[in-house]
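Here the structure is laid out as structure tokens; the discussion comes afterwards.
All heavy atoms count here, side chains included; hydrogens, waters and symmetry mates do not.
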Amino acid sequence: MKDSFTILIADRNRHIRELLRREFEADGYRVQLAKDGKQLLTVINSAEPPDLLILDLEIPYVNGVEIIKRLKDREPPVPVVIHTFFSRDVESPAVENASALVEKTGDNIGHLRSVVEEVLQKFYPRQFAHLKNTNKGTAKTTILQTRNDIKSPPL
């Protein structure tokens, strides 16, 4: 059993990638970064794929909606947490295949961290419980925010 979860952060913005890398590494996660859809697919299809993907829908080359479509029937599945600015892409039916949707704002890193933890707990209950016991209860509980919980932004 791995001693930590691996998170792939795919975002077009270098500053956001680095900010999220620092935040999740501080929480004890292993982090991989992808600046575009090509890098993301290379990592996802590697011998050791990540345990979870944090995805900006507006990444270049292969956009986020196409990535979600490609991952839909992947075995083993990789849960996807969409972390993006609201756009028309959020309305795509493919987005419903994601585990969660978190809007990018300047002050929601804590919320994103909680959502990631909740998704990992749902997808990997045994490993999460083991790590929680190993880390003496540092895990937090939150309600998963899914696409259905979010109102579309006004046009």
Side-chain angles (χ1 to χ4, degrees), residues 1-106 108-132 134-135 139 142 144-147 150:
M1 177 179 287
K2 294 189 257 182
D3 60 353
S4 179
F5 291 104
T6 300
I7 298 173
L8 172 59
I9 299 169
D11 198 292
R12 69 182 186 272
N13 185 310
R14 171 177 60 93
H15 300 291
I16 292 174
R17 284 192 312 269
E18 286 301 318
L19 170 67
L20 295 179
R21 179 191 57 78
R22 285 191 306 271
E23 292 292 324
F24 284 101
E25 284 180 347
D27 286 346
Y29 296 103
R30 289 185 304 259
V31 176
Q32 297 173 299
L33 302 176
K35 66 180 180 181
D36 58 46
K38 291 177 185 177
Q39 286 183 348
L40 183 155
L41 290 172
T42 298
V43 174
I44 289 285
N45 294 318
S46 69
E48 293 189 34
D51 298 304
L52 180 132
L53 168 63
I54 298 175
L55 176 65
D56 174 13
L57 290 178
E58 297 177 3
I59 59 172
Y61 300 121
V62 183
N63 75 27
V65 171
E66 180 62 28
I67 295 292
I68 293 170
K69 288 177 185 176
R70 291 185 187 191
L71 294 178
K72 180 181 177 218
D73 298 320
R74 186 179 187 288
E75 287 298 328
V78 174
V80 178
V81 174
I82 297 172
H83 184 239
T84 197
F85 294 109
F86 279 115
S87 69
R88 291 262 184 237
D89 289 338
V90 173
E91 298 171 8
S92 169
V95 170
E96 294 178 6
N97 293 316
S99 299
L101 171 64
V102 177
E103 181 181 10
K104 278 185 187 178
T105 64
N108 75 341
I109 298 297
H111 179 65
L112 177 62
R113 289 160 79 179
S114 296
V115 168
V116 164
E117 189 171 311
E118 181 73 19
V119 170
L120 288 170
Q121 185 175 7
K122 286 184 179 207
F123 268 79
Y124 309 101
R126 282 193 207 137
Q127 184 179 350
F128 190 87
H130 171 75
L131 289 175
K132 184 177 177 181
T134 303
N135 294 331
T142 186
L144 179 62
Q145 182 176 4
T146 64
R147 183 174 190 274
I150 298 176

Using a 3.5 Å cut-off and no angle test, enumerate the donor-acceptor pairs between side-chain atoms of residues 32-44 and protein atoms at least two apart in sequence or in another chain.
residue	atom	partner	partner atom	Å
Asp36	OD1	Lys38	N	3.0
Asp36	OD1	Gln39	N	2.8
Gln39	OE1	Lys35	N	2.7
Thr42	OG1	Lys38	O	3.0

Find the distance between OG (Ser99) and CG (Leu55) and round it off to the nearest 0.5 Å.
-> 11.5 Å
Kindly write out the residues that satisfy side-chain hydrogen bond (donor to acceptor under 3.5 Å, both in side chains) with Arg17, not counting sequence neighbours, or none if the list is empty.
-> none
Any residue meeting side-chain hydrogen bond (donor to acceptor under 3.5 Å, both in side chains) with Arg74, in chain and number order, not counting sequence neighbours = none
For a side chain to side chain contact (heavy atoms under 4.5 Å, CB included) with Tyr29, tell me which candidate from Thr6, Ile9, Leu120 qualifies.
-> Leu120
How far apart are the C-alpha atoms of Val80 and Ile67, what are their side-chain angles, what is the distance that settles it, and do they pass the side chain to side chain contact (heavy atoms under 4.5 Å, CB included) test?
-> CA-CA 10 Å; Val80 178; Ile67 295 292; over 6 Å; no
Mind listing the closest non-hydrogen atom pair of Ile7 and Pro50 along with its distance?
-> C-CB, 4.4 Å
Answer yes or no: is there a donor N or O on one side and an acceptor on the other, between the side chain of Arg21 and the main chain of Val31, under 3.5 Å?
-> no
Decide yes or no for Thr84 and Leu101: does some side-chain heavy atom of the first lie under 4.5 Å from some side-chain heavy atom of the second?
-> yes
Of all heavy-atom pairs between Glu75 and Pro77, which one has the smallest distance, and what is that distance?
-> OE1-CD, 3.7 Å
Rounded to the nearest 0.5 Å, what's the gap from CG on Leu71 to NZ on Lys69? Could you check?
-> 12.5 Å
Residue list, side-chain contact (heavy atoms from CB on, under 4.5 Å) with Asn13, at least two apart or on another chain = Asp11, His15, Ile16
If every non-hydrogen atom of Arg12 is compared with every non-hydrogen atom of Pro60, which pair is closest and at what distance?
-> CB-CD, 3.8 Å
For Asn97, all residues meeting side-chain contact (heavy atoms from CB on, under 4.5 Å), sequence neighbours excluded | Ile68, Lys72
Can you name the residues that form a ring pair (Phe, Tyr, Trp, His ring centres under 6.0 Å) with Phe123, not counting sequence neighbours?
-> none
Nearest heavy-atom contact between Ser46 and Pro49 is O-CD, 3.5 Å
Taking the side chain as every heavy atom from C-beta outward, state whether Leu20 and Leu112 have any pair of such atoms under 4.5 Å apart.
-> yes
Mind checking the CZ-CG spacing from Phe5 to Asp27? Nearest 0.5 Å is all I need.
-> 12.5 Å
Would you give the length of the straight line joining atom CZ of Phe85 to atom CG of Leu57, rounded to the nearest 0.5 angstrom?
-> 12.0 Å
Would you mind checking if Glu66 and Arg70 are paired as a salt bridge, meaning a charged N to carboxylate O distance below 4.0 Å?
-> yes
